[in-house]
Amino acid sequence: MSGTVHVERDGNVAVLVIDNPPVNASSADVRRALLDAIGTVQSDFTIEAAVLIGAGNTFVAGSDIKEFGKPIPEPQLPVIQAAIRDCPTPFIAALHGAALGGGFELALSCDARIATPDVIVGFPEVSLGMIPGAGGTQYLPRLTGIPAAIEMICSCRRIGAKEGKERGLIDAMADGELRATAVAFARGWIGRKRPLGRIDVPPSPADAIDKATAAALRAGRNRPQVSAAIEAVQWAASLPFDDALAKERTVFQALRMSTEAAALRHLFFAERQAPKTSGLDGIAPARIARAGVVGAGTMGAGIAMCFADAGIPVILVDQDEAAVDRGMAAIRSFYERTVKSGRMSESEAASRIARITPAENLEALSSADLVVEAIFEDMGIKKDLLVRLDGLVAPHAILASNTSYLNLDALAAVTGRADKVVGLHFFNPAQTMRLLEVVRAQATSAETLASALDVAKRLRKLAVIARVGEGFIGNRIYAAYRRQCEFMLEEGAFPEDIDAALENFGFAMGPFAVADMSGLDTAWRMRKRLAATRDSHERYCEIPDRICEQGRLGRKTGAGWYSYRSGERKGASDPAVRALIEEASALKGIVRRAFTAEQICRRVVVTMVNEAALLLAEGIAARPSDIDVVLVNGYGFPKHEGGPLFWASHQDRATVLAELENLAAVSGYGFRTGDVAGLLDRLQDQA
Ligand code: 3HC
């Protein structure tokens with residue numbers, strides 16, 4: 001049984017307590033129990049008003065998303081809402097925690113809403129590939145007007161109590177204890193009903209609707225659920241309420257069964273699964289009251305901001321005054337831009353900056369409970385630093401490395417506290433990217449891992465646990481598919497063909513544009529580091545080295561895979577690069593051939609699937625879904641495809657295996673083929 005409803009009494013008011021931990025999702029059991037409870041309210045003439053409230057920390061966080069891949073069991077939510085509407089007794093929704101999606105729709109079908117000041121309300125459905133399916137698109141515009149409803153539904157923005165009250169979504173604020181206040185409020189409603197469906201939609205100028213529509217389509221990258229939501233909201237003004245409700249439900253039912261909605265649901269659960277691992281039950285994380293960051297470059301400054309944003313005081317150290325000043329200047333400039341854009345008040349920005357203490361010597365870190373090193377990606381330099389930190393920081397302090405490639409076991413081994421060493425691999429820009437690979441080295445203790453995961457949560461990061469291996473999860477897969485992209489250059493494609501194909505598939509940016517943005521020198525340095533150990537029989541594409549040798553290190557040098565006019569972010573295709581690529585093909589005696597966009601995309605994603613199979617077999621990633629979370633949140637893989645492994649689970653098995661065979665053949669000696677057939681079976685079993 002998943003959830004129930006307790007009917008309690010407070011004099012002439014019935015209190016219906018929805019109880020389905022952890023978030024009171026409206027499951028089939030909850031809906032059945034609600035329908036019974038509404039029947040009780042209707043049949044008992046001593047009940048003159050009813051309060052709907054959630055047990056625990058929240059009202060109803062939405063419909064039970066787990067039900068959405070199959071036919072939804074009866075009674076469905078609209079039946080409950082109709083029963084509330086048709087019951088002569090007034091219903092008051094008492095909101096705390098979250099009232100989202102179907103939970104908010106349930107509240108909107110009541111006669112009034114009272115809420116605690118910390119409540120959030122909103123519609124996340126579009127982010128799950130659907131539109132609200134229980135009247136959200138019809139109730140909301142009646143309260144806010146059409147343009148605001150379009151904005152709120154399409155952005156999936158979570159709205160706080162203050163704005164909710166201003167916009168009429170909440171009728172009263174409960175400053176005291178919610179249940180008692182709601183009962184008193186409900187008594188004021190005795191003898192009245194106010195179904196929202198009877199309210200007219202306030203008129204809005206056509207240009208305001210057009211503006212909201214254009215903005216929503218742009219921000220929503222023209223996904224089908226965005227345009228469907230915009231259309232449905234407008235029915236509120238053009239169709240009778242009941243007809244519009246029925247049409248909304250039909251669209252919702254069709255969209256929830258789409259592959260895109262399944263992909264987004266998969267990611268919803270995958271993201272919540274990723275920070276979990278066995279063996280941590282009952283292990284209390286260490287208290288991190290003060291943090292330290294070594295290295296005030298782009299990454300270090302970004303990481304320091306993550307701590308400051310989470311309210312954790314942080315000491316930012318670099319080796320000389322100029323470096324620390326540069327880091328602090330970058331931090332101030334970031335917060336200034338945030339204030340200018342209206343997303344933060346000046347005083348809030350000032351207090352965040354004040355949480356960052358600049359320092360020029362490592363001794364300043366002696367009071368830190370956790371120190372993250374974010375210095376130059378060089379094994380020797382990092383080892384030296386860790387040895388020094390080990391001798392400086394308190395015995396309980398955790399040492400974290402932000403390395404993106406290096407062997408964390410080797411780094412941990414130079415300290416006398418290998419059990420307290422962990423990887424915290426942030427993504428650039430650290431202060432805005434949600435993804436965080438939490439790397440568990442061989443000696444990392446369960447307590448250190450639990451502490452790192454707890455810190456990740458406090459920093460509001462999306463943690464994925466990885467084990468040690470060159471590039472961990474994300475960069476390992478990135479290196480594998482970038483290599484294939486380079487092979488495709490030799491075989492006949494140009495950077496712009498590959499970038500365009502992948503962007504069209506839904507990637508935020510193609511790999512060559514990304515390389516230009518982040519700079520080609522880091523990967524070049526890594527190739528040089530690995531050159532001595534590279535097997536000379538392996539296929540190696542020299543084009544990137546030739547590009548770097550010409551001083552084309554990306555946007556920062558005005559040229560990389562593309563050339564950049566001063567100040568421009570988008571590069572132009574460069575005949576010199578094309579010539580260099582053609583020359584490289586000729587040197588290897590490769591007859592160039594054209595690639596279709598589909599061939600490019602499939603080769604890239606099948607490469608990811610193959611590398612994922614290897615990572616899983618090596619235990620570097622624990623679950624297939626962790627790999628999807630990393631690729632979507634750190635590497636621009638299209639969310640609506642659910643990640644490379646969700647994508648693979650929806651492809652023809654024989655085609656994928658044939659493509660893999662071909663990939664191995666064109667890549668030649670040294671290409672490692674993973675057990676993709678086994679992985680596809682595993683994905684099938686999990687579907
Ligand atoms: N259905 C099923 N399970 C849900 C759920 C839902 N709607 N919302 C949350 N959960 C589960 C999570 O999977 C997680 O399970 P786990 O412990 O086994 O991993 C657990 O509840 C706790 O969730 P979080 O880890 O996210 O808890 P937080 O405290 O961080 O956040 C929250 C709470 C803000 C409510 C957040 O869970 C959330 O945003 N939930 C999604 C709400 C949502 O999308 N609702 C709309 C559903 S679609 C709908 O209602 C359609 C309607 O229009 C007909």
Side-chain angles (χ1 to χ4, degrees), residues 2-3 18 20-31 34 54-70 72-73 75-81 95-109 118-140 149 152-160 225 228-229 232-233 245 248-258 261-262 264-277 280-281 434 453-454 456-463 623 625-626 629:
S2 139
I18 301 168
N20 185 17
V23 296
N24 295 327
S26 102
S27 62
D29 287 329
V30 163
R31 295 194 301 272
L34 254 180
N57 300 328
T58 187
F59 187 67
V60 175
S63 300
D64 187 343
I65 303 172
K66 287 188 222 83
E67 286 182 355
F68 284 172
K70 322 174 253 238
I72 298 175
Q76 297 190 21
L77 195 50
V79 174
I80 318 298
Q81 294 170 300
L95 313 179
H96 71 306
L100 298 172
F104 193 34
E105 288 169 311
L106 179 65
L108 289 168
S109 67
D118 61 352
V119 79
I120 51 164
V121 300
F123 293 104
E125 286 87 344
V126 164
S127 69
L128 290 166
M130 316 175 287
I131 65 168
T137 63
Q138 304 308 304
Y139 292 127
L140 195 62
M152 285 161 64
I153 290 176
C154 294
S155 70
C156 304
R157 192 159 61 81
R158 286 158 195 221
I159 292 150
Q225 67 272 24
V233 166
L245 275 190
E248 179 208 65
R249 188 79 187 165
T250 307
V251 174
F252 157 78
Q253 296 282 26
L255 283 172
R256 80 174 170 82
M257 295 306 286
S258 65
L264 294 166
R265 282 196 296 275
H266 159 74
L267 288 172
F268 177 88
F269 290 112
E271 288 181 4
R272 282 156 179 83
Q273 189 78 2
K276 293 182 185 156
T277 184
L280 296 189
D281 283 350
R434 267 176 84 216
L453 292 167
D454 186 60
K457 202 167 172 187
R458 287 172 70 193
L459 302 189
R460 293 171 170 268
K461 294 293 177 195
L462 173 51
R623 326 171 178 87
S625 60
D626 290 353
V629 170

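Just so you know, ligand 1 is whichever comes first in the structure, and atom 1 is the first atom listed for that ligand.
The aromatic rings of Phe123 and Phe104 sit tilted relative to each other, their planes meeting at an angle between 30° and 60°.
Ligand 1 is surrounded by Pro22, Val23, Ala25, Ala61, Gly62, Ser63, Asp64, Ile65, Phe68, Leu100, Gly101, Gly102, Glu105, Pro124, Glu125, Leu128, Met130, Pro132, Gly133, Arg158, Phe252, Phe268, Phe269, Arg272, Lys276, each with at least one heavy atom closer than 4.0 Å.
Other residues, nucleotides and ligands place more than 12 heavy atoms under 6.0 Å from the CG atom of Asp118.
Taking 4.5 Å as the limit, every side-chain heavy atom of Val30 sits out of range of all side-chain heavy atoms of Val60.
In this structure, Arg272 forms a cation-pi arrangement with Phe268, its terminal cationic atom sitting closer than 6.0 Å to the ring centre and no more than 45° off the ring axis.
Nearest heavy-atom pair, Ser109 versus Tyr139, reported as atom, atom and distance to 0.1 Å: CB-OH, 3.4 Å. Residue Gly101 comes nearest to Pro124 through the heavy atom pair N-CD, 3.4 Å, listed as atom of the first residue, atom of the second, then distance.
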